[in-house]
Number of protein chains: 2
Amino acid sequence: MAGKSSPFQMDLFFQALGDNTRLRLLNLMGNREICVCYLVEVLEQGQPKISRHLAYLRRAGIVAARRDGKWMHYRIVMPPNAGAAQVLSQTLAWLKEDRAMQADRARLSKACCNPAKFVALQGAPLPVPVDRPLES
Amino acid sequence: MAGKSSPFQMDLFFQALGDNTRLRLLNLMGNREICVCYLVEVLEQGQPKISRHLAYLRRAGIVAARRDGKWMHYRIVMPPNAGAAQVLSQTLAWLKEDRAMQADRARLSKACCNPAKFVALQGAPLPVPVDRPLES
DNA sequence: CTAACATATTCGTCAATGCGTATAAATAAG
DNA sequence: CTTATTTATACGCATTGACGAATATGTTAG
């Protein structure tokens with residue numbers, strides 16, 4: 001009965017982390033569930049580009065999505081593989097120390113403080129912390 | 001005077017880890033400096049392929065090479081960036097727990113025990129542990 | 001010098017990836 | 001229903017990467 005523990009594809013896992021836009025997205029998610037519109041606004045990248053990278057991360061099992069009306073919220077989920085989970089946690093901690101990543105988070109905070117000032121964020125749902133940010 | 005701490009390219013670092021052959025190479029290096037001929041023999045892959053992946057890892061600053069006559073020895077070097085070093089160490093530990101990686105290391109041990117049995121390894125220099133395996 | 005050996009690089013091909021543009025799909029509002 | 005809004009996907013194109021085969025480079029032996 002015990003399901004065959006699928007041989008985790010380490011290379012695919014690292015490939016998912018091997019893109020700056022995806023790292024920026026993970027950095028912005030951190031411990032919160034966040035609406036796509038914020039990601040587009042903060043990163044100042046085209047919406048299809050953001051969406052494609054989110055889909056890539058979703059296929060890699062690193063993030064999960066939840067629909068809320070028109071809005072989609074993304075959050076980080078820890079991979080079932082223990083090694084992958086550790087590396088991912090470590091990577092998220094690493095992101096926190098990176099200058100550019102800190103700047104991204106600052107921009108997110110600013111956008112969250114007054115979403116009204118950002119044309120694209122009128123009435124958008126605020127990011128919300130996730131209970132156990134790093135577990136699936 | 002203080003050199004500008006080059007903004008570490010995290011995405012390139014992860015890209016270097018995003019290939020199974022390269023992960024297998026890193027796994028075989030582990031704490032030792034190892035001759036290319038063993039890598040080719042153990043992984044049963046074409047020599048140019050191995051050489052190309054080693055060059056990739058070298059450009060990424062993850063391994064270093066030392067020439068010893070006809071032979072080239074490769075070893076892992078820890079990246080200067082602290083976050084990268086932690087992730088790399090973690091990844092090496094992760095590799096140790098992987099089935100397929102363990103099999104590779106077993107094959108390496110066997111080849112080291114009697115290099116004479118492998119046609120390609122006549123007189124090849126044995127791998128040798130590195131003092132401080134994980135520092136540059 | 002030449003020959004043999006170990007390793008690196010080049011070349012041509014193919015698949016994968018990233019991008020912008022355009023369009024589709026899903027939902028909400030009127 | 002139609003329209004607007006939010007997100008996802010399809011398309012075409014350029015770049016990158018991985019591969020095998022062939023070739024080049026570097027070293028040692030004779």
Side-chain angles (χ1 to χ4, degrees), chain A residues 9 11-25 29 33-60 63-75 111 115 118-127, chain B residues 9 11-25 29 33-60 63-75 111 115 118-127:
Chain A
Q9 301 263 61
D11 54 342
L12 296 183
F13 172 76
F14 283 116
Q15 281 176 30
L17 300 180
D19 178 276
N20 197 250
T21 301
R22 288 195 287 272
L23 290 174
R24 294 177 78 188
L25 289 170
M29 290 184 219
E33 187 184 55
I34 184 173
C35 176
V36 173
C37 56
Y38 278 94
L39 300 172
V40 171
E41 190 66 22
V42 170
L43 296 191
E44 293 179 299
Q45 306 282 311
Q47 173 267 320
K49 173 173 171 178
I50 298 298
S51 195
R52 260 183 280 117
H53 282 294
L54 287 171
Y56 194 119
L57 288 171
R58 190 151 29 83
R59 281 192 300 271
V63 308
R66 178 179 66 86
R67 180 175 283 281
D68 172 30
K70 298 185 290 190
W71 292 283
M72 289 291 287
H73 300 263
Y74 280 82
R75 66 183 184 280
F118 296 79
V119 196
L121 295 181
Q122 311 275 6
L126 283 169
Chain B
Q9 301 263 62
D11 54 342
L12 297 183
F13 171 76
F14 283 116
Q15 280 175 30
L17 299 180
D19 178 278
N20 197 250
T21 301
R22 289 196 286 272
L23 289 174
R24 294 178 77 188
L25 289 171
M29 291 184 219
E33 187 184 55
I34 184 172
C35 176
V36 173
C37 55
Y38 278 93
L39 300 172
V40 171
E41 190 66 22
V42 170
L43 296 191
E44 293 179 298
Q45 306 283 310
Q47 174 267 321
K49 173 173 171 178
I50 298 297
S51 195
R52 262 184 279 115
H53 282 294
L54 288 171
Y56 195 119
L57 288 171
R58 189 150 31 82
R59 282 192 300 270
V63 308
R66 178 179 66 85
R67 178 174 286 280
D68 171 29
K70 298 185 289 190
W71 293 283
M72 289 289 288
H73 300 263
Y74 280 83
R75 66 183 183 281
F118 294 78
V119 196
L121 295 181
Q122 311 277 6
L126 283 170

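In the text below, chain A, chain B and the rest are named by the order of the sequence lines, each starting its count at 1.
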Protein-nucleic acid N or O pairs under 3.5 Å, nucleotides 25-30 of chain D:
none

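- Picking from dG18(C), dT9(D), dT7(D) the nucleotide with the shortest atom distance to the side chain of C37(A) gives dT7(D).
- Distance OH/Y56(B) to CG/D19(B): 8.5 Å, rounded to 0.5 Å.
- Checking dT7(C), dT17(C), dT9(D) against the side-chain heavy atoms of S51(B) singles out dT7(C) as nearest.
- Of the inter-residue distances, the one linking K49(A) atom NZ with L39(A) atom CG reads 13.0 Å to the nearest 0.5 angstrom.
- Look at H53(B) and you won't find any side-chain N or O under 4.0 angstrom from OP1 or OP2 of dG17(D).
- In this structure, N20(A) places its CG atom 18 Å from P of dT17(C), rounding to the nearest Å.
- Here the P atom of nucleotide dA18(D) and the CG atom of D11(A) are 10 Å apart, to the nearest Å.
- The distance from atom CD of E41(A) to atom SG of C35(A), rounded to the nearest 0.5 Å, is 11.0 Å.
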Between the protein and nucleotides 20-22 of chain C, which nitrogen or oxygen pairs come in under 3.5 angstrom?
| unit_1 | atom_1 | unit_2 | atom_2 | d |
| --- | --- | --- | --- | --- |
| dG20(C) | N7 | R52(A) | NH2 | 2.8 |

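- Residue Y74(A) has a polar side-chain atom (N or O) positioned under 4.0 Å from OP1 or OP2 of dA8(D).
- If you take CH2 of W71(B) and C1' of dA8(C), they are 17 Å apart, rounded to a whole angstrom.
- For the pair L54(B)/M29(B), a side-chain contact is recorded, criterion being any heavy-atom separation below 4.5 Å from C-beta on.
- The line from CG of L57(B) to CG of L23(B) is 8.5 Å long, rounded to the nearest 0.5 Å.
- What separates CE of M72(B) from C1' of dT9(C) is a distance of 13 Å, to the nearest Å.
- Within the 4.5 Å cutoff, side-chain heavy atoms of Q45(A) are placed close to those of R24(A).
- Taking atom CZ of F14(B) as the reference point, atom P of dT17(C) lies 17 Å away to the nearest angstrom.
- By the 4.5 Å heavy-atom criterion applied to side chains, V63(B) and L25(B) are not counted as neighbours.
- Between atom SG of residue C37(A) and atom CE of residue M72(A) there is a gap of 12.0 Å, rounded to the nearest 0.5 Å.
- Here dT16(D) presents its C1' atom at 9 Å from CD of Q15(B), a figure rounded to the nearest Å.
- With respect to H73(B), the side chain to side chain contact (heavy atoms under 4.5 Å, CB included) criterion is satisfied by exactly one of D68(B), I34(B), V36(B): D68(B).
- Rounded to an integer number of Å, the gap from CG of L25(B) to C1' of dT7(C) is 14 Å.
- The interatomic distance linking Y56(B) (OH) with dC19(D) (P) rounds to 12 Å, in whole Å.
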